S.K.: 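Pasting a structure here, questions to come.
For the numbers below, each heavy atom of this structure counts, side chains included, while hydrogens, waters and symmetry mates do not. Just so you know, these numbers come straight off a predicted model, no measurement behind them.
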Amino acid sequence: MENQFAIFVTYVAHLMNGNLVTDLLSIGGKTRKTGPDPPPPAHAGGFNVHGTFEGDGGMTRADEFFGDNHSFNETLFQKFVDFSNQYGDGYYNLTVAGELRFQRLQDSIATNPQFSFKNVRYFTGPPKPTSNEGIAEIFSMHPFLPGGNVDGKVNNFVVDPTSADFTKPCVLYADIVTTVQGLYPNPTGVLKRNLIKNLGFLYSSLPTALGAQCDQLFPYGQL
């Protein structure tokens with residue numbers, strides 16, 4: 001994985017779902033192994049927390065609406081295999097990624113009344129072979145704007161013009177910072193210090209990871 005993109009993904013997940021005091025992040029569900037809970041509304045819930053880093057339309061996991069967004073789904077994996085055979089001659093490549101991504105989005109629109117695909121998920125959702133390689137090619141196969149089903153109905157997808165997309169990467173950065181502020185409204189001590197440091201690490205990755213030159217935000221001040 002390209003280094004700056006790896007930094008970006010790591011710190012998005014860590015800031016939203018990790019334990020900022022112990023500097024530990026669960027790659028599954030919530031666990032005591034990451035240390036004592038942070039003050040609410042933060043949760044240190046790991047990758048499994050829906051609506052932050054994890055989201056709908058995954059390749060091998062069901063949408064959270066169906067009750068299990070973390071267990072390996074053999075049916076979805078078989079679709080991955082079938083698409084690799086159909087579009088990649090048995091290999092997983094950019095063509096497979098583009099077709100599979102579009103199909104999974106259509107599946108969720110048709111079955112999940114709470115389907116959402118915007119902001120962070122819009123960037124982490126594409127089933128790309130490696131890091132940020134080929135994202136433009138994948139999206140160009142079946143262009144798809146951010147949004148979600150509304151009014152609790154399936155097949156009721158509405159574009160969200162306020163969401164970040166690949167033409168507005170700084171909106172994504174601002175959304176991440178706003179989300180972190182919501183999780184940690186009044187941090188103090190070590191927690192505040194680590195939030196400042198980790199937000200700085202996230203910002204340092206933006207020019208390479210997203211091709212963005214954004215104004216840096218300092219919701220907790222500077223060290």
Side-chain angles (χ1 to χ4, degrees), residues 5 8-9 11-13 15-17 47-67 69 73 76 79-80 83 87 94-129 131-183 202-203 205-207 209-215 217 219:
F5 189 79
F8 170 74
V9 172
Y11 284 102
V12 169
L15 283 160
M16 291 184 173
N17 301 318
F47 276 1
N48 190 56
V49 175
H50 182 72
T52 52
F53 189 83
E54 184 277 333
D56 294 329
M59 282 196 302
T60 59
R61 304 295 189 274
D63 291 357
E64 192 266 348
F65 173 78
F66 300 107
N69 63 331
N73 187 302
L76 292 179
K79 179 172 288 190
F80 166 83
F83 272 61
Y87 296 102
L94 293 178
T95 301
V96 177
E99 296 297 337
L100 180 58
R101 167 189 170 273
F102 183 68
Q103 184 59 57
R104 288 294 297 121
L105 294 176
Q106 298 309 306
D107 290 345
S108 289
I109 290 172
T111 61
N112 179 0
Q114 297 175 7
F115 172 67
S116 178
F117 199 80
K118 55 187 178 180
N119 290 319
V120 172
R121 185 55 178 167
Y122 190 77
F123 285 73
T124 63
K128 47 204 174 293
S131 69
N132 52 350
E133 175 189 350
I135 286 181
E137 291 88 341
I138 291 171
F139 270 77
S140 66
M141 295 178 200
H142 299 283
F144 191 92
L145 294 174
N149 281 337
V150 298
D151 299 329
K153 299 177 181 178
V154 298
N155 292 317
N156 199 29
F157 184 87
V158 174
V159 172
D160 184 350
T162 68
S163 171
D165 59 31
F166 288 105
T167 68
K168 300 180 292 185
C170 292
V171 174
L172 173 65
Y173 169 58
D175 178 74
I176 293 168
V177 174
T178 298
T179 300
V180 173
Q181 283 184 276
L183 292 170
L202 172 72
Y203 179 78
S205 72
L206 297 181
L210 300 181
Q213 297 291 337
C214 307
D215 292 334
L217 303 175

S.K.: If only side-chain N and O atoms count, and only distance matters, is there a donor-acceptor pair under 3.5 Å linking His142 with Gln103?
M.R.: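 No, no side-chain donor-acceptor pair sits under 3.5 Å.
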S.K.: Can you sort out the partners of Thr60 under side chain to side chain contact (heavy atoms under 4.5 Å, CB included), two or more places apart, ordered by chain and number?
M.R.: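 Per chain and number, Thr60 pairs via side chain to side chain contact (heavy atoms under 4.5 Å, CB included) with Phe72, Phe77.
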S.K.: Could you list the residues that satisfy side chain to side chain contact (heavy atoms under 4.5 Å, CB included) with Val154, not counting sequence neighbours?
M.R.: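 Pro113.
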S.K.: Can you list the residues that meet the side chain to side chain contact (heavy atoms under 4.5 Å, CB included) rule with Asn156, with sequence neighbours excluded?
M.R.: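 Scan of Asn156 (side chain to side chain contact (heavy atoms under 4.5 Å, CB included), adjacent residues dropped) gives Asn149, Val150, Asp151, Lys153.
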S.K.: Considering only NZ, NE, NH1 and NH2 on the basic side and carboxylate oxygens on the acidic side, decide whether Lys79 and Asp107 come within less than 4.0 Å.
M.R.: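 Judged by the 4.0 Å cut-off on N to carboxylate O distance, Lys79 and Asp107 do form a salt bridge.
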S.K.: Closer than 3.5 angstrom, by distance alone: can the side chain of Asp56 be matched with the main-chain N or O of Ser116 as a donor-acceptor pair?
M.R.: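 Judged by distance alone, yes, a pair lies under 3.5 Å.
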S.K.: Pair Met59, Leu100 - check side-chain contact (heavy atoms from CB on, under 4.5 Å), show working.
M.R.: CA-CA 8 Å; Met59 282 196 302; Leu100 180 58; 3.7 Å; yes
S.K.: Measure the shortest side-chain to side-chain distance between Glu64 and Asn112 over non-hydrogen atoms and say whether it is less than 4.5 angstrom.
M.R.: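 The answer is no, as the side chains (C-beta and beyond) never meet within the 4.5 Å cut-off.
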S.K.: Report all side-chain donor-acceptor pairs from residues 172-182 shorter than 3.5 Å, counting only partners two or more places apart or in another chain.
M.R.:
residue, atom, partner, partner atom, Å
Tyr173, OH, Leu217, N, 2.9
Thr178, OG1, Ala174, O, 2.9
Thr179, OG1, Asp175, O, 2.9

S.K.: Using 0.5 Å steps for rounding, measure from the CE atom of Met16 to the CG atom of Leu202.
M.R.: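 Reported value, rounded in 0.5 Å steps: 8.5 Å.
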S.K.: Step by step, work out the side-chain contact (heavy atoms from CB on, under 4.5 Å) result for Glu137 and Thr95.
M.R.: CA-CA 8 Å; Glu137 291 88 341; Thr95 301; over 6 Å; no
S.K.: Do Phe115 and Phe65 have side-chain heavy atoms sitting under 4.5 Å apart?
M.R.: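 SC-SC contact between Phe115 and Phe65 ruled out.
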S.K.: Is there a side-chain contact (heavy atoms from CB on, under 4.5 Å) between Phe123 and Leu210 once you walk through the steps?
M.R.: CA-CA 10 Å; Phe123 285 73; Leu210 300 181; 3.9 Å; yes
S.K.: Taking atom types as modelled and ignoring hydrogens, do the side chains of Ser108 and Asp63 form a donor-acceptor contact shorter than 3.5 angstrom?
M.R.: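 Yes, a side-chain donor-acceptor pair sits under 3.5 Å.
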S.K.: Is the shortest side-chain heavy-atom distance between Tyr203 and Tyr11 below 4.5 Å?
M.R.: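 Contact flag for Tyr203/Tyr11 side chains = no.
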S.K.: Report the residues that fulfil ring pair (Phe, Tyr, Trp, His ring centres under 6.0 Å) with Phe8, sequence neighbours left out, ordered by chain and then residue number.
M.R.: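 Partners of Phe8 under the ring pair (Phe, Tyr, Trp, His ring centres under 6.0 Å) test: none.
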S.K.: Honestly, is Arg101 close enough over Phe139, meaning NZ or CZ under 6.0 Å from the six-membered ring centre and within 45° of the axis?
M.R.: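 Relative to the ring axis of Phe139, which defines the angle, Arg101 lies inside both limits.
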S.K.: Flag the pair Glu54 / Asn69 as yes when at least one side-chain heavy-atom distance between them is below 4.5 Å, and no otherwise.
M.R.: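 Sidechains of Asn69 and Glu54: in contact.
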S.K.: Find the distance between CD (Glu99) and CD1 (Ile138) and round it off to the nearest 0.5 Å.
M.R.: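 Interatomic distance, Glu99 CD to Ile138 CD1, rounded to 0.5 Å: 11.0 Å.
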S.K.: When rounded to the nearest 0.5 angstrom, what is the spacing between NE2 in His50 and CZ in Arg121?
M.R.: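 It comes to 9.0 Å.
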S.K.: Just wondering, do Thr111 and Phe66 contact through their side chains at under 4.5 Å, heavy atoms?
M.R.: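 Answer yes - side chains close enough.
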S.K.: For a quick test of reading the model, state the closest non-hydrogen atom pair linking Pro207 to Gln213 and the distance between them.
M.R.: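 Result for this residue pair: CB-NE2, 3.7 Å.
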S.K.: Tell me every residue that passes side chain to side chain contact (heavy atoms under 4.5 Å, CB included) with Pro146, counting only those two or more places apart in sequence or in another chain.
M.R.: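 Pro146 satisfies side chain to side chain contact (heavy atoms under 4.5 Å, CB included) with Lys118, Tyr122, Ser163, Asp165 only.
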